[in-house]
Amino acid sequence: MAELRTEEEQLDALKNWWKENGRSLMVGIVLAVTGFMGWQGWQTYTERQATEASSLYQNLVGAVVAELDENANPQLETILHLGNQLKENHSKSTYSQFAALMLARVAVQTQDYSKALSELDWVLEGAAEEDLKVVAQLRKARVLLAMDQLDQASSLLSGLSPRSFTALYYELLGDIALQKGDVNSAAQAYDQALAAAANMP
């Protein structure tokens, strides 16, 4: 009889504990499961986004090669569509930065220099990687040179640390100096470009 009472007391104690703590325990379990499912969903979403961005970028590269590099009369609609889709749907990815660089290249080829500058500025505003910023600045200076805005191009390069693009940097300085008519400065810059290119690994 004592054992039965003890079991009844244990059962009552368990019921009382459940009344006091059951709800918070269930809420905790639901929150834990929801959090886990949310995390899994987020992981799946980010993986799917990365895969989609990668696929779009590969298609963009293919279109650039097929149209810009191998076609005398390029059809640019596919390039523009894929590039803009990458920028709109994956704006925080590095793929979108490279897409903007390609769109700038298309704009230069069609001599739409203001559009090229706009694309390069977009890269400069959003790029996290320093090398990507340097590439965008060098290309922007090249566009300004094509627009005969020599002072702006020189100004852009004056504050630039060329990092691993030293040869391109000095070549561009030489091109600007030559277009200004400063043959001596152009020759010095070209010599520096050749030396930098010779020292590249």
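What you are looking at is a predicted structure, and each value in this text was computed from that prediction instead of being measured.
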*Verify the neighbour count for atom NZ of K92: are there more than 12 heavy atoms of other residues, nucleotides or ligands below 6.0 Å?*
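Incorrect, the count does not exceed 12.
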Expected output: side-chain [X] to main-chain [Y] donor-acceptor under 3.5 Å:
X: S155; Y: Q152; answer: no
X: N84; Y: L80; answer: yes
X: S96; Y: S91; answer: yes

Which heavy atom of [X] sits nearest to which heavy atom of [Y], and what is that distance?
X: Q97; Y: A127; result: OE1-N, 3.6 Å
X: L145; Y: L150; result: CD1-CD2, 3.4 Å
X: L120; Y: R139; result: CD1-C, 3.7 Å
X: G174; Y: A186; result: O-CB, 3.4 Å
X: Y169; Y: L138; result: CA-CD2, 3.9 Å
X: A53; Y: L86; result: O-CD2, 3.7 Å

*Salt-bridged, E119 to R105, with N to O below 4.0 Å?*
no
*asked:* Less than 4.0 angstrom from a charged side-chain N to a carboxylate O is my criterion; do D151 and K180 meet it?
replied: yes
_Partners passing side chain to side chain donor-acceptor pair (under 3.5 Å) against E52 (at least two apart in sequence or in another chain)_ = H90
*Among all residues two or more places apart in sequence or in another chain, which pass the side chain to side chain donor-acceptor pair (under 3.5 Å) test with S114?*
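Once residues adjacent in sequence are excluded, the partners of S114 under the side chain to side chain donor-acceptor pair (under 3.5 Å) criterion are D112.
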_Residue pair L132 / L101, side-chain heavy-atom distance below 4.5 Å_ = yes
*Side-chain contact test, heavy atoms from C-beta onward, threshold under 4.5 Å: evaluate it for L173 versus Q192 and give yes or no.*
no
